[in-house]
Each structure stands twice: as structure tokens, then as C-alpha cells.
Protein chains: 2
Amino acid sequence: MVGSVVVARAMDRDLQRQAGLALAEHHLLAIINEAGEQGIRPTDLALGSTLTKSGLTRAVDRLEALGLIGSRVCPTDARGQLLALTAKGRQKLRRAAPEFFRSVGQHFADHLTERETETLATAFERIAAADRG
Amino acid sequence: MVGSVVVARAMDRDLQRQAGLALAEHHLLAIINEAGEQGIRPTDLALGSTLTKSGLTRAVDRLEALGLIGSRVCPTDARGQLLALTAKGRQKLRRAAPEFFRSVGQHFADHLTERETETLATAFERIAAADRG
DNA sequence: CGGAATAACTTGCGTAGGCAACTAGTTGAT
DNA sequence: ATCAACTAGTTGCCTACGCAAGTTATTCCG
């Protein structure tokens, strides 16, 4: 438990310094990126992140203010939005990638065997699934 | 990574509701408790927690204001303090214990096999050690 | 079709906690 | 003994984010 916080904090600092992006923001950009052109709803984004609705509203506001994402009203539900990366956002994400992977390696993955990595992945997936349900 | 945050948050809510104690505070109390009568230095406490010096100062202030811990000037180094639980702090910790273990089980441990638990423990210990060094 | 129940955000408010700069005590070298 | 380097905590400032209470928009009944 403590270990995971230590890792996250170390990565956050690395990413912030080298790419000017907080870990949480990087994560959001990565998820939004996967949604591609058509965009993603904040609610769906929240499912993939660790934020609550309110936290997400603010994070999205920040990313939008930075010009990294754009939003448009969802055509099928006027309450919601569709978020997608801007060109600038894609660039930021691309440029952050090397540092991101380096940092993951240094603080986390490089210390694990293949077996351990796999065990962690399946275990945490199961745990997250249990709590969502 | 995400999973661990989800678990921590869930436990934090449980503990806050049922025992009136944040997870981070519970963790600090537990470490201080282990130090026993003689107390522990804030710096040593920081090593076992996820907080920085400043965060720790504030957390300690809070716990002290709540009457859960007491501090005295360290006899061998006038810059520092020795922190120890008060009777009230010990009681709070004892009363929180059942909920704490229940919550760990529900959100985390119950979803893992023995083998997985062991793998996680050793892996994270190694990781934390690497980053401290 | 009208009104309750629900869903998708948003906002006001409060707190935790990081960083960098500061104070004060300790140690070590000359 | 003195002065520089270090270490222990503290504090000012700022940001992220949770919770609870809104505000629209949508859906589900009858």
C-alpha cells in the first residue's frame, strides 16, 4: 500500500519535471487519446481514472485551459460532453511518452520479474473489478 | 496503479465513517504505537509513511490537537521531538482495529490467494527499498 | 403527454499535503 | 573555539480534490 504511493509520487515528480505534466493528467490524456476522434464522455473517463465526478470536472477544465483537450456538446445527450485531444494534446502526450516509460521502469517495472508483473496485473484487475461491482 | 488508489480510497472512506480516522492518520498512529513508550522521531515516522516533512508536521499537529499523541523534546537532540500515543490515542487505535481489518479484507486481501499476497508483499518491499536507496 | 425519479455534470466549501524558503540546533574541520 | 556544512522541523503559499448540494437534461410511468 505504502509502496504504491511512493512509486506514484516518484513518477509524478519525474513527469512533472521532465514533461510538465502531472501523473494524473497524463493518465487522463492517455485515456482520452484511446477514445480517438469521436471523443469520450466524462463519466466514462471517470471509470478509467481515480477521480470522482467533481475532481474530473476540474481536471478537465485545467486540461482544456491548457489547450490539450477540446470538448463539444454530446449530440445524443445535451447534458454531457465529448472530450478529445487537440493536436497540442497529442503532441504533449507523445513527447511525454519516453519519460513516462523510463520512469515506470526505474521506479517500478524494472524491479519485478515477469511472473511478478503478471501476478500484480491480474490481482489488481480483479480487485478493481470487485470494487466497481 | 489505479487499483491501489481505488483500494486506498475505499478504505479511507470506511475508516473515516466507522472510526472517525483517515487512513493516513490511522497509519501514523499504528507506527507511533509500535514505538511504544519511548516515542519516535518525526523523521523516522516519515520513513514509514508516505508523507514529506511538511506533510508530517501538519499531520502531527492535527493528531496532537486531537489529543491522540503527545510530544516532548528529544533529550539527545533539542531540534527534535519524541512522539508517543496518549491513552486516548491507544484507545482510538484499538477501537478502529476491527473496522480496519474488515476493510482491508473486503477491499483487498479477500480477493487474493496466499501466493499472490506473498508475491505482492515481497515485490513492493523490494520496490520501496530500491527507491529509498 | 405531464410529472416523478434518475443521470450528467457543476459549484461552494473545506482540508490535506507538496515545494521552497526559513529557523534553529548539531557536527565536523581547522 | 569558531565557522561552515548539515540536519530537524516549521511555515507561507498554492493546488488538487472530496463531499454535498445544486442545475439541467433525460427517461420512465401512468
Side-chain angles (χ1 to χ4, degrees), chain A residues 2 5-18 20-29 32 39-66 68-69 71-83 131, chain B residues 2 5-18 20-29 32 39-66 68-83:
Chain A
V2 172
V5 177
V6 171
V7 172
R9 191 113 76 216
M11 286 189 57
D12 195 32
R13 276 200 351 176
D14 283 355
L15 213 56
Q16 188 75 64
R17 279 203 210 287
Q18 306 298 323
L21 211 52
L23 182 58
E25 287 166 357
H26 177 271
H27 188 207
L28 291 179
L29 291 184
I32 296 172
I40 184 174
R41 299 286 295 263
T43 298
D44 296 331
L45 186 51
L47 291 178
S49 81
T50 67
L51 297 175
T52 60
K53 288 182 298 173
S54 72
L56 197 64
T57 295
R58 296 173 221 268
V60 164
D61 285 351
R62 257 176 285 143
L63 292 175
E64 205 170 350
L66 290 170
L68 301 177
I69 67 176
S71 72
R72 60 201 164 92
V73 173
C74 178
T76 71
D77 185 341
R79 289 170 302 182
Q81 309 161 235
L82 281 174
L83 308 170
D131 233 67
Chain B
V2 172
V5 177
V6 171
V7 172
R9 191 114 75 218
M11 287 189 57
D12 194 33
R13 277 201 351 177
D14 283 355
L15 213 55
Q16 189 75 65
R17 280 203 209 288
Q18 306 299 323
L21 210 53
L23 182 57
E25 287 166 357
H26 177 270
H27 187 207
L28 291 179
L29 291 184
I32 297 171
I40 184 174
R41 299 285 295 264
T43 298
D44 296 331
L45 185 52
L47 291 177
S49 81
T50 68
L51 297 176
T52 60
K53 287 182 299 174
S54 71
L56 197 64
T57 295
R58 295 173 221 270
V60 164
D61 286 351
R62 256 176 285 144
L63 292 175
E64 205 171 350
L66 290 170
L68 301 177
I69 66 176
S71 71
R72 60 199 165 93
V73 172
C74 177
T76 70
D77 185 342
R79 289 170 302 180
Q81 309 162 234
L82 281 174
L83 308 171

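Order of the sequence lines fixes the chain letters, A, B, ..., with proteins taken first and strands second; residue numbering starts at 1 for each chain. Keep in mind that this is a model prediction, so the values were computed, not measured.
In this structure B:R13 satisfies the side chain to side chain donor-acceptor pair (under 3.5 Å) test with no other residue, sequence neighbours excluded. With sequence neighbours excluded, the residues satisfying ring pair (Phe, Tyr, Trp, His ring centres under 6.0 Å) with A:H26 are A:F100. Residues forming a side chain to side chain donor-acceptor pair (under 3.5 Å) with A:R58 (at least two apart in sequence, or on another chain): none. A:A8 pairs by the side chain to side chain contact (heavy atoms under 4.5 Å, CB included) definition with A:L23, not counting sequence neighbours. Applying the side chain to side chain donor-acceptor pair (under 3.5 Å) rule to A:E64 yields the partners A:S71; only residues at least two apart in sequence or on another chain are considered. In this structure, B:D61 has no salt bridge (charged side-chain N to carboxylate O under 4.0 Å, His left out) partners at least two apart in sequence or on a different chain. Every residue two or more places apart in sequence or in another chain was checked for a side chain to side chain donor-acceptor pair (under 3.5 Å) with B:D12, and none qualifies.
The distance from atom NE2 of A:H26 to atom P of D:dA16 is 17 Å, rounded to the nearest whole Å. Atom CG in A:L15 sits about 15 Å away from atom P in D:dA16, given to the nearest Å. Distance CZ (A:R13) to C1' (D:dT15): 17 Å, rounded to an integer number of Å.
Residue contacts shown for B:T52 are limited to sugar-phosphate atoms, with no base heavy atom under 4.0 Å away. If you check every strand for non-hydrogen atoms under 4.0 Å, A:T57 touches a base.
When all heavy atoms of A:R41 and A:Q81 are compared, the closest pair comes out as CD-O, 3.0 Å.
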Could you list, one pair per line, each protein nitrogen or oxygen that sits under 3.5 Å from a nitrogen or oxygen of nucleotides 20-27 of chain D, together with the distance?
| residue | atom | partner | partner atom | Å |
| --- | --- | --- | --- | --- |
| D:dT26 | OP1 | A:A78 | N | 2.7 |

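One finds a side-chain N or O of B:Q81 lying less than 4.0 angstrom from the OP1 or OP2 phosphate oxygen of D:dT10.
Closest-nucleotide positions on DNA chain C for B:R62 and A:L56 were compared, and the one nearer the 5' end corresponds to A:L56.
A nucleotide of DNA chain C counts as in contact with chain A when one of its atoms lies under 4.0 Å from a heavy atom; the first and last such, 5' to 3', are C:dA7 to C:dC19.
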